[in-house]
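In what follows, a structure is listed as structure tokens, so that the remarks can point back to it.
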Amino acid sequence: MRLIRVMCSGRVDLEFVLRAFSNGIDGVFIGGCRLNECNYITHGNFDALNMVLLCKKIMEHIGLNPERLSIEFMSAGDGILLTEVIDDFSKKVEALGPLGIGEERDADELKAKLEEVTKLVPYIKISKREKLDSRLEKIEERDGFFTSEEIDELFRDVVSYYIDPEKCQACMICLRKCPADAITGAKKQIHVIDQEKCIKCGTCFEACPPRFGAVQKDYRRACSTSYS
Ligand code: SF4
Ligand code: SF4
């Protein structure tokens with residue numbers, strides 16, 4: 001078991017969890033303060049909860065048992081509860097078996113899928129921004145908050161942006177507005193989008209003057225293998 005301390009459970013990014021599984025970790029447990037008792041005005045534990053609900057659905061989608069991820073809320077005085085919860089989770093993960101083997105999935109294939117999803121984290125966060133910002137006060141709101149159909153749709157139409165060299169007028173508008181520094185170019189030089197850096201925010205698509213219409217969208221299907 002490896003403990004990683006963060007200042008708030010809301011700091012545990014979706015990318016961190018996917019990276020842990022990608023590195024072969026069999027289970028991830030997130031312990032947060034009780035809901036509505038956050039030390040910060042941000043109420044980060046609600047963010048952590050939403051992230052976990054989303055991540056579980058993504059895990060299902062790529063063929064990973066979602067039981068390998070868990071979140072619980074407790075106070076600093078709940079030492080006994082913490083040990084019980086950790087103990088139960090450890091036993092559960094042990095029963096599930098090593099990552100991939102328990103799912104009867106090829107380890108390399110699973111790792112490749114996890115890495116593919118990890119690259120899409122900015123896109124996932126932008127696409128699901130509204131739900132990720134929600135505050136689920138009631139336990140019954142959690143079930144079905146993210147659906148399998150929704151996740152399937154999310155990965156069915158993954159958008160990529162590219163610049164048509166025939167149309168680009170090298171006006172630098174998109175380059176100046178890109179929040180990820182993903183566009184290279186200069187005056188009188190055709191601009192190019194670095195797909196590794198692009199977070200698929202669509203700003204360049206909106207910013208490119210309609211008379212040029214140089215930024216194009218392309219859709220492709222990404223990562224699927226449902227867990228059952
Ligand atoms: S805004 Fe459009 S025309 Fe201008 S540099 Fe970007 S892609 Fe080219
Ligand atoms: S989609 Fe967003 S991140 Fe990607 S190149 Fe365009 S502005 Fe930059």
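On a predicted model such as this, the values are computed, not experimentally measured, just so you know. Just so you know, ligand 1 is whichever comes first in the structure, and atom 1 is the first atom listed for that ligand. Residue numbers run from 1 in the order of the sequence given.
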Worksheet entry | Residue among Val215, Ile183, Thr184 satisfying side-chain contact (heavy atoms from CB on, under 4.5 Å) with His191 | Ile183
Worksheet item: Any idea which heavy atoms bring Ser90 and Met1 closest together, and the distance?
Response: OG-CE, 3.8 Å
Worksheet item: So which heavy atom in the protein is nearest atom 1 (S) of ligand 2, and how far is it from that ligand atom?
Response: Gly202 N, 3.3 Å
Discussion item. Which residue and atom name correspond to the protein heavy atom nearest atom 8 (Fe) of ligand 1, and how close is it?
Written reply: Cys168 SG, 2.4 Å
Worksheet item: Does ligand 2 have a heavy atom under 4.0 Å from the side chain of Ile199, from its backbone, from both, or from neither?
Response: both
Discussion item. With a cut-off of 2.8 Å, does Cys174 put an N/O/S atom close enough to atom 8 (Fe) of ligand 2?
Written reply: no
Fill in: Ionic contact status for Glu150 with Lys57, cut-off 4.0 Å
no
Response to the item:
Distance col, row Asp194:CG vs Asp181:CG, nearest 0.5 angstrom, shows 9.5 Å
Worksheet item: What part of Met172 sits under 4.0 Å from ligand 1 if we count only heavy atoms: the side chain, the backbone, both or neither?
Response: backbone
Worksheet entry | Passing option when Leu14 is tested against Asn50, Leu132, Val117, Ile58 for side-chain contact (heavy atoms from CB on, under 4.5 Å) | Ile58
Worksheet entry | Residue Cys204 vicinity, atoms of ligand 2 by number, heavy atom under 4.0 Å | 1 (S), 5 (S), 6 (Fe), 7 (S)
Worksheet entry | Glu137 and Asn36 side chains, donor-acceptor separation under 3.5 Å | yes
Discussion item. Taking the side chain as everything from C-beta on, heavy atoms only, tell me whether Lys177 gets closer than 4.5 Å to Cys204.
Written reply: no
Response to the item:
Quick note on ligand 1: atoms under 4.0 Å from a heavy atom of His191 include exactly 5 (S)
Worksheet, complete the sentence: re atom 2 (Fe) of ligand 2, the protein heavy-atom contact at minimum distance is Cys201 SG, 2.3 Å
Discussion item. I need the atoms of ligand 1 closer than 4.0 Å to a non-hydrogen atom of Cys171, numbered in the order shown.
Written reply: 1 (S), 3 (S), 4 (Fe), 5 (S)
Item to complete: Number the atoms of ligand 1 from 1 as they appear, then name those within less than 4.0 Å of a heavy atom of Ala214, with their elements.
Response: 2 (Fe), 7 (S)
Worksheet item: Under 4.0 Å between a Lys/Arg side-chain N and an Asp/Glu carboxylate O for Lys111 and Glu115?
Response: yes
Item to complete: Scan Val52, Val12, Leu53 and name whichever one has a side-chain contact (heavy atoms from CB on, under 4.5 Å) with Ile71.
Response: Val52
Fill in: atom 3 (S) of ligand 1: nearest protein contact (heavy atom, Å)
Gln169 N, 3.3 Å
Response to the item:
Ranked by distance from atom 4 (Fe) of ligand 2, the top protein heavy atom is Cys198 SG, 2.3 Å
Worksheet item: How does Val215 reach ligand 2, by side chain, by backbone, by both or by neither, if only non-hydrogen atoms under 4.0 Å count?
Response: neither
Discussion item. Check whether Phe145 forms a cation-pi arrangement with Lys131 (NZ or CZ under 6.0 Å from the six-membered ring centre, at most 45° off the ring normal).
Written reply: yes
Discussion item. If the cut-off is 4.0 Å to any non-hydrogen atom of Ile183, which atoms of ligand 2 fall inside it?
Written reply: 5 (S)
Practice prompt. Give a yes or no on whether Cys208 keeps an N, O or S atom under 2.8 Å from atom 2 (Fe) of ligand 1.
Written response: yes
